[in-house]
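A short worksheet on the structure shown next.
Nothing here was measured: the structure is a model prediction, and the numbers come from that model. Per chain, numbering begins at 1; letters A, B, ... match sequence-line order.
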Amino acid sequence: MNIVNFTPVSALTGGLLIGLSVILFFILNGRMTGISGIASNFLISKDNRIDNLLFLVGLIFGPLIYSYFTSQKIEISITNSLFLLIGGGLLVGLGTKISGGCTSGHGISGISRFSLRSIIATMTFMIVGILTVLITNIL
Amino acid sequence: MNKIVSLFCGIIFGIGLVISEMINPAKVLGFLNLFGEWDPSLAFVMIGALVVSTPLFHLFKNKEKPIFSSSFSISNKKEIDKKLIIGSILFGAGWGLVGLCPGPAIASIALLNMSSVTFVIAMFVGFYIAKLS
């Protein structure tokens with residue numbers, strides 16, 4: 001192991017904001033944030049559909065608002081083939097719906113509640129994610 | 001009022017993903033590359049989020065009701081079943097292949113990156129297939 005590109009301050013700052021969003025959504029609206037749940041329920045359930053849509057709209061507008069006020073361009077890098085993008089997207093959609101949560105739903109909201117289910121889910125997807133990257137690097 | 005809260009919480013979450021750079025799949029893959037060139041940043045994002053959400057959750061969970069809604073809705077599932085494990089394995093594999101999970105994937109639509117838009121469409125198809133089964 002060799003540590004590279006580590007940005008602890010911005011990571012912690014961004015994390016605090018994510019935590020603030022999660023706790024405000026709970027205290028004000030009574031719901032625990034999970035983006036896979038919000039997105040999939042927006043698609044397949046009539047309950048809270050407008051709330052879910054507005055959250056997703058906010059999620060998309062957040063980066064735009066940040067860029068506007070800081071005049072910083074947000075750079076992302078995705079190098080996958082079309083096949084892997086579609087395969088990866090399908091796996092993430094299927095997996096989070098089947099297990100009932102993602103990095104936010106299990107990893108933040110669930111762990112905040114000390115939910116054993118979420119702790120096990122988070123450990124599982126992290127270990128599998130790490131193994132997937134390891135295998136990808138070897139191939 | 002809870003509509004405005006939903007929009008606002010989405011915005012704050014999205015800004016958090018940008019500042020922490022978790023919106024960039026390359027940064028997330030750096031975290032998952034534990035046995036190579038490792039970038040621990042994602043762990044700090046989770047610590048930052050949990051430091052805020054954990055104590056406040058336990059402080060407010062026994063309140064009668066949330067401020068703008070009639071009741072709290074918290075999952076009461078307890079069982080560690082096959083679905084939890086299989087779903088988490090599938091998710092981990094997709095996450096490790098591309099470096100996108102649902103939050104950053106949707107937030108990155110803002111950047112009009114065709115790769116992330118393709119990923120999001122496939123992810124919604126995945127939600128739908130899981131619902132059918």
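Among A/G93, A/G62, A/G19, A/C102, the residue making the largest number of heavy-atom pairs under 4.5 Å with chain B is A/G93. With chain B as the partner, the residue from A/T132, A/L94, A/N48, A/L59 showing the most heavy-atom pairs under 4.5 Å is A/L59. Counting heavy-atom pairs under 4.5 Å between each of B/I129, B/L32, B/V52, B/L90 and chain A puts B/L32 at the top. Taking A/N29, A/L90, A/I18 one by one and counting their heavy-atom pairs under 4.5 Å with chain B, the maximum is reached by A/N29. Chosen from B/I86, B/V120, B/I109, B/I89, the residue pairing most often with chain A at heavy-atom distances under 4.5 Å is B/I89. The choice from A/G34, A/P63, A/A121 that makes the most heavy-atom pairs within less than 4.5 Å of chain B is A/P63. Between chain A and the residues B/S20, B/G14, B/A49, the largest count of heavy-atom pairs under 4.5 Å involves B/A49. Contact tally against chain B (heavy-atom pairs below 4.5 Å) for A/I50, A/T96, A/T13, A/L56: the top residue is A/T96. Annotation: maximal heavy-atom pairing with chain A below 4.5 Å, among B/A26, B/G99, B/P40, occurs at B/P40. Most heavy-atom pairs under 4.5 Å with chain B, from the set A/T79, A/I44, A/V22, A/T33: that is A/I44. Ranking B/M1, B/K61, B/K131 against chain A, the residue ahead of the rest is B/K131, based on heavy-atom pairs under 4.5 Å. Highest contact tally toward chain A, considering only B/C101, B/P25, B/P102, B/G30, is held by B/P102 [criterion: heavy-atom pairs under 4.5 Å].
Residue contact with chain A, scored on non-hydrogen atoms closer than 4.5 Å, involves the backbone and the side chain of B/S41 alike. For A/E75, the part lying near chain B is the backbone, with the side chain staying farther off; criterion is any non-hydrogen pair under 4.5 Å. The contact between B/N113 and chain A is made entirely by side chain atoms (from C-beta outward), counting heavy-atom distances below 4.5 Å. If you measure heavy-atom distances from B/E21 to chain A, the contacts under 4.5 Å come from the side chain alone. For B/L42, the part sitting under 4.5 Å from any heavy atom of chain A is the side chain, from C-beta outward, and nothing else. Interface remark: A/S77 contributes backbone and side-chain atoms alike to the contact with chain B (heavy atom separation under 4.5 Å). Within the 4.5 angstrom heavy-atom criterion, only side-chain atoms of A/I120, from C-beta onward, approach chain B. Residue contact with chain A, scored on non-hydrogen atoms closer than 4.5 Å, involves the side chain of B/V18 exclusively. If you measure heavy-atom distances from B/L111 to chain A, the contacts under 4.5 Å come from the side chain alone. Heavy-atom distances place both the backbone and the side chain of A/N5 under 4.5 Å from chain B. Both the backbone and the side chain of B/Y128 come within contact range of chain A, each with at least one heavy atom under 4.5 Å from a heavy atom of that chain. Looking at A/L134, only its side chain comes within 4.5 Å of chain B, counting heavy atoms on both sides. For A/M123, no part lies under 4.5 angstrom from a heavy atom of chain B. Of the two parts of A/I65, only the side chain, counted from C-beta on, holds a non-hydrogen atom closer than 4.5 Å to a non-hydrogen atom of chain B.
Residues B/F91 and A/G101 come closest through the heavy atom pair CD2-O, 4.5 Å. Counting all heavy atoms, side chain and backbone alike, B/G92 lies closest to A/V128 at C-CG1, 3.7 Å. In this structure, B/G16 and A/L17 approach most closely via the heavy-atom pair CA-CB, 3.9 Å. Contact between B/F31 and A/M126 at its shortest, heavy atoms only, is CE2-SD, 3.9 Å. Across all their heavy atoms, B/H58 and A/S112 have their closest contact at NE2-O, 2.7 Å. When all heavy atoms are compared, the tightest approach of A/I98 to B/A130 is CG1-CB, 4.2 Å.
In the hydrophobic clustering of this structure, B/I106 groups with A/L43; members are Ile, Leu, Val, Met, Phe, Trp, Tyr whose side-chain heavy atoms approach within less than 4.5 Å, directly or through other members. Grouping the Ile, Leu, Val, Met, Phe, Trp and Tyr side chains by contacts below 4.5 angstrom, directly or via other members, places A/I138 with A/I130. One hydrophobic cluster holds both B/V45 and A/I111 under the rule that ILVMFWY side chains link at heavy-atom gaps under 4.5 Å. Cluster membership for A/V92 and B/V117, using ILVMFWY side-chain heavy atoms within less than 4.5 angstrom, is not shared. Follow the hydrophobic side-chain contacts under 4.5 Å out from A/L91 and you never reach A/L139; the two are in separate clusters.
Of the inter-residue distances, the one linking A/I108 atom CD1 with B/F13 atom CZ reads 5.0 Å to the nearest 0.5 angstrom. Interatomic distance, OG of B/S115 versus CD1 of A/I86, reported as 10.5 Å (0.5 Å rounding). How far CD1 of B/I15 is from CG of A/L64: 10.0 Å, rounded to the nearest 0.5 Å. Atoms CD1 and CZ, on B/I12 and A/F55 in that order, are 10.0 Å from each other to the nearest 0.5 Å. The CZ atom of B/F57 sits 9.0 Å away from atom CZ of A/F114, with the distance rounded to the nearest 0.5 Å. Summarising the geometry, atom CG belonging to A/L16 is positioned 10.0 Å from atom OG belonging to B/S53; distances are rounded to the nearest 0.5 Å.
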Indicate every side-chain donor-acceptor pair of residues 63-81 of chain B with a distance under 3.5 Å to a residue at least two apart or in another chain.
{"from": "B/S75", "atom 1": "OG", "to": "B/K77", "atom 2": "N", "distance (Å)": "3.3"}
{"from": "B/D81", "atom 1": "OD1", "to": "B/L84", "atom 2": "N", "distance (Å)": "3.1"}

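Within a 6.0 Å radius of CZ in B/F8, other residues, nucleotides and ligands contribute 12 heavy atoms or fewer.
For residues 38-54 of chain A, every residue pair satisfying the salt bridge (charged side-chain N to carboxylate O under 4.0 Å, His left out) rule, not counting sequence neighbours, is listed here: A/D51-B/K3.
Between A/V133 and B/F35, every side-chain heavy-atom pair lies at or beyond the 4.5 Å cut-off. Inter-residue side-chain proximity for B/F44 and A/T7 is flagged as unmet; no heavy-atom pair is nearer than 4.5 Å. Inter-residue side-chain proximity for B/N2 and A/L28 is flagged as unmet; no heavy-atom pair is nearer than 4.5 Å. Side-chain contact between A/I78 and B/F119 is absent, with no heavy atoms from C-beta onward closer than 4.5 Å.
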Exercise. Using the side-chain contact (heavy atoms from CB on, under 4.5 Å) rule, take B/T118 and A/L82 through it: C-alpha gap first, then chi angles, then the decisive distance, then the call.
Key: CA-CA 8 Å; B/T118 306; A/L82 183 64; 3.7 Å; yes
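B/S88 and A/T124 are not linked by any side-chain donor-acceptor pair at a separation below 3.5 angstrom, with hydrogens and angles left out of the test.
The aromatic rings of B/W95 and A/F125 sit perpendicular to each other, their planes meeting at more than 60°, with 30° as the lower class boundary.
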